[in-house]
Each structure stands twice: as structure tokens, then as C-alpha cells.
2 protein chains.
Amino acid sequence: MAALKYSRQREAIKHYLASTKEHPTADTVYMHVKKEFPNISLGTVYRNLNLLTDIGEAIKISTPDGGDRFDGTVQPHNHFLCTKCGRFLDLELDMKSIEEMNRLANDCFDGMITSSSTLFYGECSDCIRKS
Amino acid sequence: MAALKYSRQREAIKHYLASTKEHPTADTVYMHVKKEFPNISLGTVYRNLNLLTDIGEAIKISTPDGGDRFDGTVQPHNHFLCTKCGRFLDLELDMKSIEEMNRLANDCFDGMITSSSTLFYGECSDCIRKS
DNA sequence: GTTCGTGCAAAGGTTTTGCACGAGT
DNA sequence: ACTCGTGCAAAACCTTTGCACGAAC
């Protein structure tokens, strides 16, 4: 395995991920980090996002609409996608509920479940207010 | 909105989806339906899968690895992805648990949650046996 | 000096789309 | 007849990768 060397670009990506709740796509990360490193390439962003995901410092989330999203919050938590406006939000089920759910799932299943990720769908409060 | 006309190709796609538990990708659907309709095009498969998804006769599932998968089972249920062998399985949490989970989520959230989809990760029984 | 990360550009894979024609009503 | 679905091919996306150079060790 290759040793991991410091890189300013990776550091900037990590800081951006930590600073936002936007669940940005790779392209969004690219556009933000570009402000600080105008020459950074999209390939570098992808390489670093995948690297961070592999070493457990970020999470990759797949949604049915468009590209994958990345999240710097690695503690187990779930997400909500508004089917009207497309907003993508954190949803803080408490840890106990998540563990409870995994345990419940383990009971109906003869493999071993180590983690889970739930995507909730519905209408966000803004959309409800408008209708 | 356009009226919906019958098509043999769409029917074949529906039947294939109903007959399998493989959670096929669009390409897999294409290859199977091709046996019956050698001239069918991948574009048609995509158009129909998206159509079926829109009218609620199929579900589109996004996973972090590779393309989206489709599922003809539209009743709420969840999925399991083996992190070792990549196997993708149904996981039958009973309805009560799913409803309970959605209700729990609604309590921590000021929008309205209508549905959810959970992807569980872990090791399937085959991989456990081998290790 | 060696190794690893980067920028660039090209390639790879998946999904969508414009068009003319043929199937369904 | 009229409309919608199809096949085909091109395009649009998203993501990965080969390469030569520069940064980190």
C-alpha cells in the first residue's frame, strides 16, 4: 500500500466538506475549492473524494437523481430528499433508533449487518407551506 | 400529458422485472428482453424503466457501485449489499418496522415523510461461511 | 532522489435525446 | 388518421485513468 502524503488540495477539500451541510456533488466541491486553487482539476477532486471515502473521512451517498453526493459527517445519520424541490437534508434520527433498526434487520437476516443508510422521501416544510 | 399506449416491449420488461429477484441494472434488463425482442434498443429499455418508475410500477435503487438497479417489487421493503461479494438482496423487514421507522423519523423532522428506502451493508451468509 | 499527488486530456461507462418510421388506438 | 413508442445513433453526463511534471518526504 502506498504511503499517504500531505496535499494542500486534499486539505482544502476536507475543510470544505467539514464546513458545509450541502451534501455537495463532486462538481460542487470542485467549484468551491477552485476559488482557493484555480488550477485544481476535477480529476483531483474525484481522486481525493474517493480516497477520503476509502479511509473513512467522508461518506458517498447515491441518490436516484444525478450524481453521487459527498458528506463530511461520518457518524451514522440519515438523509431526506424532498420529492418536490429536490432539497437534500440531514435527518437526525438518534443513534439508538439507528442501532435498533440494524438489530431488527439482523433478526430477519442470516448474514451480518454492520451499517445502514436510509433515504427518506417526502415534502420538506417549505414546500408544505407553499401548497 | 400524453396517453399511454400498449407496447409489447414494455410488457416484456414488466414481466421480466416481475419474474426476477436479481435487481437488474438497465443493461441486464436489456440483455434479457433482447432474447424475446432481438431488435429492442437500450434506449427503449431506459425509457420504459423510467416510465414504469414514474407511474409507480417499479422502483429505482441507487447504489454506490455502478449503475442504478430496478426492482419490480413496489411494496416497501429494504435492501442489503454485501460489502465482500457485492451481492444485492431483498431484506424483508416487516411492514410494521418500516412504518415505525418512518413515524420515528417524522417526529424529528418538520416536513412530511411519505416513504423511505434503507440500504443495509454487511457480510452475507455465504461470505461469513467462507471466512 | 524517490514516491506520491497533480493537471490535463482522453477514454470509459451510463443515461438521455432527436429523428424518422412503424405500431397502437 | 393521429398519436405515441421504437430503433438507431449521437450526444450529454459523470467518473476514471494514463501520462509527464511538480510537490512532499
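In what follows, every heavy atom counts, from backbone to side chain, and hydrogens, waters and symmetry copies are set aside.
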Rounded to whole Å, please give me the gap between [atom1] in [X] and [atom2] in [N].
| X | N | atom1 | atom2 | value |
| --- | --- | --- | --- | --- |
| A:K34 | C:dG7 | NZ | P | 10 Å |
| B:R47 | D:dC8 | CZ | C1' | 10 Å |
| B:R69 | C:dG13 | CZ | P | 17 Å |
| B:N50 | D:dC13 | CG | C1' | 14 Å |
| B:Y46 | C:dT17 | OH | C1' | 14 Å |
| A:L42 | D:dA12 | CG | P | 18 Å |
| B:L49 | D:dT6 | CG | P | 11 Å |
| B:L4 | D:dG5 | CG | C1' | 10 Å |

Checklist outcome for this item: Sorted by position of nearest nucleotide on DNA chain C, 5' first, the leading residue of A:S41 and B:Y6 is A:S41

Under 4.0 Å from OP1 or OP2 of [N]: is there any side-chain N or O of [X] that close?
| X | N | result |
| --- | --- | --- |
| A:T44 | C:dG7 | yes |
| B:S7 | D:dT6 | yes |
| A:R8 | D:dA24 | yes |

Item to check | Candidate nucleotides C:dT6, D:dG7, C:dG7, ranked by approach to the side chain of A:I40 - the nearest | outcome: C:dG7

Item to check | Proximity to the side chain of A:A3 - top-ranked nucleotide from C:dG7, C:dC4, D:dC8 | outcome: C:dC4

Item to check | Salt bridge A:R103-A:E100, side-chain N to carboxylate O under 4.0 Å | outcome: yes

Are [Y] and [X] connected into the same hydrophobic cluster when the rule is that any two of I, L, V, M, F, W, Y join if their side-chain heavy atoms are below 4.5 Å apart?
| X | Y | result |
| --- | --- | --- |
| B:F109 | A:L81 | no |
| B:I61 | A:L119 | no |
| A:F70 | A:L91 | no |

Checklist entry - Where the side chain of B:T83 meets the backbone of B:G122, is there a donor-acceptor pair that is under 3.5 Å apart? => result yes

Item to check | Donor-acceptor pair, side chain of A:N78 and main chain of A:T118, under 3.5 angstrom | outcome: yes

Checklist entry - Do any of residues 9-29 of chain B sit with a heavy atom less than 4.0 Å from DNA chain D, and if so which? => result B:Q9, B:R10

Checklist entry - Parallel, tilted or perpendicular for B:F88 and B:H23, by the 30°/60° rule? => result perpendicular

Checklist entry - Quick one: on DNA chain D, does B:K5 or B:G43 contact a more 5' nucleotide (nearest heavy atom)? => result B:K5

